[in-house]
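Notes to accompany the following structure.
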Amino acid sequence: MQATQQLTEFLSVVADRPGGPAAYHAAVDCAARALHADLAVLLIDDGVAAAVGVDPGAVPAYALGEIAAGRRGTIELAGHTYAMTFAGLGGDASGTLVLGRRAGAFTAEEITLLRGMARVLELSLSSLQRLESERRYAEENDRLIDSLQQRQRLFEKLTEIQRAIARRNPLQKIFEIVTGAARELLGADMSCLNLIDRDDPAIGGTAAASGMPPEFLDRMQRVPLAAGGVSGLAILGNELVMVEDYAVSPIAIPAIAQAQLRAVMATPVHENGQPVGSLTVGMFSGTRDWDKPSQQLLRAFAEHVSLALTDARTLEAMNQAFLDSLTGLPSRALFQTRMEEMLGGCTIGLAALFVDLDRFKIVNDSLGHAAGDHLLLGVADRIRSCLRDCDTAARLGGDEFAVLLPGLSSAEEATPVARRLLERLREPFDLNGAEAFVSASIGIAYSRPGEHTAQALMVDADLAMYQAKKHGKDRYELFEPDMRAEFQATVDLEADLRRAVVRHEFELRYQPIVHLATGDITGVEALIRWQHPRRGEVAPADFIPLAEETGLIVPIGEWVLREATTRVAEWNERRAGRPLSVSVNISAVQLEQCVLPQVVQAALDASGLPADRLILELTETLLVDHRAATLHRLEAIKALGVRLAIDDFGTGYSSLAYLRRFPVDIIKIDKSFVDDVVDEPTAAALTHGIIQLGRALQLSTIAEGIEHAGQLSSLTGGNCELGQGYYFAEPLTRSALDDLLFPVHRPDGGN
């Protein structure tokens, strides 16, 4: 019988007997038959709940406890030796499902199957306990529901959801029941459930909604989590988020705010403990103070969504418990089991390689999911070709793979395999006539006999892979213990950064941009600073890369746009003569957002700043790695009247080609050229060449990092139009720039 058929039979047996001794006995009997075991025992809370093949009174509880603790693999019973295996049950009622047979040891596939059966039993027990808990919750918690009628309505709704889950109704139907019930019992105007895209964890979309206008639903499909407002922040921060007055919130989605959403609350939805979505309620009719009972009620409904998701995903995972359906490689579960076996029986040592593709998302987005699947098949074949017969490769999910190399005496012995994998993956892939390229980042971790658990070894390999990504991708890194501390520091900084978005801990500094020939201030560049309450001022170089990696640069960047355009518009109202321009940096992550042109337009509309007074600065590297959608987005922004500048010009690649292709107005000469413009003839020639190139293409040139008069003289003599740097002014606070632009004249004639 196939594993999936055995799991289906087990699932049916447990579902038909939803509680009590009959369910326990049916579960152990079915498990014993599926794995050809001679005895099977279910232990719950250290007691024998059911047994097959042995008298419950004769069960050697101590010996079974030793097996469940992993300290022995056989027992002697009635003159026979039994090879034993087990699977633990988590949840509120901890337990163990133990099997034994006289014919020989259990295989890795059988152990994986047993774990799947244990998970089914665990979910069924958890469902029963949760139903009883919710029943007590509805009957006893008078602080949450203040009337008998409301308690009865809550009990009925939760019971309806529980029955739908137990009967394994379609997930969509369960989602619709939950959103409708949450809206009704919380007295909200709308409720929606947003879930992360399983193929792209950075994207979310609305799975079900009640009371939400159709135009909202259209806007909330495939939205980056970082741009998902309160719902996205609840997922990213893994915490309940409340906004009592949405119109003034810095994390509000402009289009949703314009539709008069007044108050909103969202809490995360989990799957196996990880946030995979959020349940949100909102008010159109007015602002609202989300009190503690409302928060508890929303969390209760979110927990039921979590239970439904975990149940459905577990059933799906059990059907794919052995081999990945796309590539045919072992699945994560089977790979984990084999790793545990090798770690327990190895006499030398083994290495684990965590392999993550670097450019898969670009291929998937540009060529489509079918091409992406074809690419993953090709990657799997190339990984296989680099391994020995005794090695194991697996697809962990998405574009993540893993490799197990037994029989090694050190981590360094795994590096030739890593180099071979990198070389093979760099070769082009033929995707239905289109040539595509990817690379990989590989982390290597090593374990001597008895040194690591399987989970710990994979965590170390994952950390090493993260370092390979951080150090430029398309490379491998060996795990070092210091990586744990560095990773924890990054985790702590990320948590602080998420809180900073909500607490408004950011400030802008404004560095004047000067017309070199006249000395007049013609504009400013807006530069973000983070004022952390404990760390002090955090340098942009320390948090901007993390903000880009996590997607938080999207809400941060939107705030910078709004704040900078508002302030410069206010200064221009007070100034005579030519109005100031303001330059704002745009990251690659922001440019990937399809709504960026609308975000720019909204900032201009709200501030009243003319479009030609706003300059968006793009890095040269960003243009090199562009996709077709990037050019379309820039053209849409240019059509608004906004000007575009290439920052750090000359430090990237193919500069001339991209000057012709993109609608650029300004090139900013990188500080590295300006530093040596006086002392190095080559640097001076390059800098003056860039200036002449700009003049020939009718582009403005801005020199960055001017620090002394010699540099100013050389640049002015070379006809550079504009410049900025500490020679003129450092990045100034709002009040300091205000004093510079509008000096107060004293009665005696002094300033």
Side-chain angles (χ1 to χ4, degrees), residues 509-527 540-541 544 580-588 591 612-626 634 638 642-732:
R509 299 286 189 270
Y510 301 90
Q511 186 168 42
I513 297 174
V514 175
H515 191 281
L516 298 186
T518 65
D520 294 334
I521 298 175
T522 63
V524 294
E525 180 178 1
L527 301 166
I544 292 296
L580 297 173
S581 63
V582 59
S583 298
V584 176
N585 291 280
I586 297 293
S587 79
L591 198 54
D612 66 345
R613 296 293 86 198
L614 174 62
I615 300 168
L616 299 184
E617 296 190 7
L618 318 164
T619 65
E620 196 170 1
T621 305
L622 184 155
L623 301 183
V624 171
D625 292 334
H626 82 286
L634 290 176
K638 194 72 171 63
V642 174
R643 290 184 288 168
L644 301 177
I646 298 181
D647 197 12
D648 303 330
F649 184 80
T651 60
Y653 308 94
S654 305
S655 304
L656 294 178
Y658 287 100
L659 280 180
R660 293 175 55 203
R661 184 175 303 176
F662 288 90
V664 175
D665 303 279
I666 301 166
I667 51 178
K668 300 191 73 173
I669 303 171
D670 187 68
K671 183 180 184 297
S672 61
F673 293 100
V674 175
D675 285 343
D676 300 324
V677 73
V678 175
D679 302 322
E680 294 288 340
T682 302
L686 286 172
T687 303
H688 293 160
I690 293 173
I691 296 170
Q692 295 308 312
L693 174 66
R695 290 173 63 86
L697 297 176
Q698 297 183 324
L699 302 176
S700 295
T701 52
I702 302 177
E704 298 183 284
I706 301 175
E707 296 182 350
H708 57 75
Q711 294 170 336
L712 173 61
S713 177
S714 177
L715 292 165
T716 305
N719 292 317
C720 183
E721 182 182 356
L722 303 166
Q724 64 186 98
Y726 278 53
Y727 179 76
F728 304 109
E730 64 182 10
L732 302 172

Identified side-chain hydrogen bond (donor to acceptor under 3.5 Å, both in side chains) counterpart of Ser700 within the set Arg695, Glu721, Lys668: Glu721
Can you tell me which residue among Asp676, Ile706, Asp679, Thr716 is in a side-chain contact (heavy atoms from CB on, under 4.5 Å) with Gln711?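 Exactly one candidate clears the test, Ile706.
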I'd like to know if the side chain of Glu704 reaches the main chain of Gln724, judged simply by a donor and an acceptor atom lying under 3.5 Å from each other, with no hydrogens or angles considered.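 It does not hold such a pair.
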Could you give the distance from [atom1] ([X]) to [atom2] ([Y]), rounded to the nearest 0.5 Å?
| X | Y | atom1 | atom2 | result |
| --- | --- | --- | --- | --- |
| Leu715 | Thr701 | CG | OG1 | 9.0 Å |
| Ile666 | Leu699 | CD1 | CG | 9.0 Å |
| Leu732 | Gln511 | CG | CD | 8.0 Å |
| Ile646 | Asp670 | CD1 | CG | 12.5 Å |
| Leu686 | Leu693 | CG | CG | 12.0 Å |
| Ile702 | Asp647 | CD1 | CG | 9.0 Å |

Side chains of [X] and [Y] in contact at under 4.5 Å (non-hydrogen atoms):
| X | Y | result |
| --- | --- | --- |
| Asn585 | Glu525 | yes |
| Arg613 | Arg643 | yes |
| Ile521 | Phe728 | no |
| His688 | Ile690 | no |

Which atom of [X] lies closest to which atom of [Y], heavy atoms considered:
| X | Y | answer |
| --- | --- | --- |
| Ser714 | Val677 | OG-CG2, 3.5 Å |
| Ala703 | Val674 | CB-CG2, 4.0 Å |
| Cys720 | Ile669 | SG-CD1, 4.5 Å |
| Ile615 | Ser581 | CD1-OG, 3.9 Å |
| Pro731 | Leu527 | CG-CD1, 3.7 Å |
| Leu644 | Pro663 | CD1-O, 3.5 Å |

Electrostatic pair Glu707:Lys671 at N-O distance under 4.0 angstrom: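 Yes.
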Any chance you could lay out the side-chain contact (heavy atoms from CB on, under 4.5 Å) test for Leu722 and His515, step after step, and finish with the verdict? CA-CA 5 Å; Leu722 303 166; His515 191 281; 4.1 Å; yes
Pair Glu680, Asp675 - check side-chain contact (heavy atoms from CB on, under 4.5 Å), show working. CA-CA 9 Å; Glu680 294 288 340; Asp675 285 343; over 6 Å; no
For Leu634 and Leu591, what are the C-alpha separation, side-chain angles and deciding distance, and is it a side-chain contact (heavy atoms from CB on, under 4.5 Å)? CA-CA 8 Å; Leu634 290 176; Leu591 198 54; 3.8 Å; yes
